[in-house]
Amino acid sequence: DGGITQSPKYLFRKEGQNVTLSCEQNLNHDAMYWYRQDPGQGLRLIYYSQIVNDFQKGDIAEGYSVSREKKESFPLTVTSAQKNPTAFYLCASSKTSGTPETQYFGPGTRLLVL
Amino acid sequence: AQTVTQSQPEMSVQEAETVTLSCTYDTSESDYYLFWYKQPPSRQMILVIRQEAYKQQNATENRFSVNFQKAAKSFSLKISDSQLGDAAMYFCAYRPPREYGNKLVFGAGTILRVKS
């Protein structure tokens, strides 16, 4: 079955620690995205990538980093510079041609700070 | 900057009844896309319906339909014959023209409760 997988489902971070969230897709989509969801707020874009080896900052990129070495994978690292990382993180992917380039989402990762 | 506003934090509907969720947005563009996503308790985001701004006809997907008023920048979602499985958080999202990247701007969401 085609889809988007995220791992782990739950992740715990200690103070000063970097953690990496995994996102993999087998939909053959060129574009991938990372969103953060906080209670009472909609999703906010962290980073996005429209092609391998290229990515752009979203609205809240500070304290996060990404890489896009393979089309299928777009891992997100939450660095120690992110002072309030507790949130639900959603990965999405889409085509970059045709219309309307709908984004499809993975099941999410819940990040908690110890 | 584009913004999306969902003015109803929570809504309730009786099973089999109809409910309308509101969404307004702010943009100076003329060519864009609008979406409604559903997030059930599992937290999986599921596409409900989408609308191209250049199309005047309102989109429909089974029991879900939209009322797209481009001049008013309004994009409401109507759910007919509500079912218990419709209970979820609903997000309205705006996608700007392609040259700005395929980025979605989300509203804060509306919690829909369905009563049996």
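So you know, we letter chains A, B, ... as the sequences are listed, proteins then strands, and number each from 1.
Each of Ala31(A), Gly42(A), Gly108(A) has some count of heavy-atom pairs under 4.5 Å with chain B, and the biggest count is that of Gly42(A).
Atom CD of Glu10(B) has more than 12 heavy atoms from other residues, nucleotides or ligands within 6.0 Å. For Ile111(B), the CD1 atom is densely surrounded, since the number of other residues' heavy atoms within 6.0 Å is greater than 12. For Asp54(A), the CG atom sits in a packed shell: over 12 heavy atoms of surrounding residues, nucleotides or ligands are nearer than 6.0 Å. Other residues, nucleotides and ligands contribute at most 12 non-hydrogen atoms within 6.0 Å of the NZ atom of Lys78(B).
Among the residues in residues 37-49 of chain B, those with a non-hydrogen atom closer than 4.5 angstrom to a non-hydrogen atom of chain A are Tyr37(B), Gln39(B), Arg43(B), Gln44(B), Met45(B), Leu47(B).
Heavy atoms of Gln41(A) lying under 4.5 Å from chain B belong exclusively to its backbone. If you measure heavy-atom distances from Leu43(A) to chain B, the contacts under 4.5 Å come from both the backbone and the side chain. Neither the backbone nor the side chain of Arg44(A) comes within contact range of chain B, judged by heavy atoms closer than 4.5 Å.
Grouping the Ile, Leu, Val, Met, Phe, Trp and Tyr side chains by contacts below 4.5 angstrom, directly or via other members, places Tyr48(A) with Phe105(A). Under the 4.5 Å side-chain heavy-atom criterion for Ile, Leu, Val, Met, Phe, Trp and Tyr, Met89(B) and Val4(B) are members of distinct hydrophobic clusters. Ile79(B) and Phe91(B) fall into different hydrophobic clusters, where Ile, Leu, Val, Met, Phe, Trp and Tyr are joined by side-chain heavy atoms under 4.5 Å apart, directly or via other members. Note: the hydrophobic cluster containing Tyr25(B) does not contain Phe106(B) (ILVMFWY, side chain heavy atoms under 4.5 Å, direct or indirect links). Hydrophobic clustering of Ile, Leu, Val, Met, Phe, Trp and Tyr side chains at less than 4.5 Å, counting indirect connections, keeps Val113(A) apart from Ile46(A).
Using a 4.5 Å heavy-atom threshold, the side chains of Tyr33(A) and Leu104(B) count as separate.
Rounded to the nearest 0.5 Å, atoms CD (Gln103(A)) and CZ (Arg50(B)) are 12.0 Å apart.
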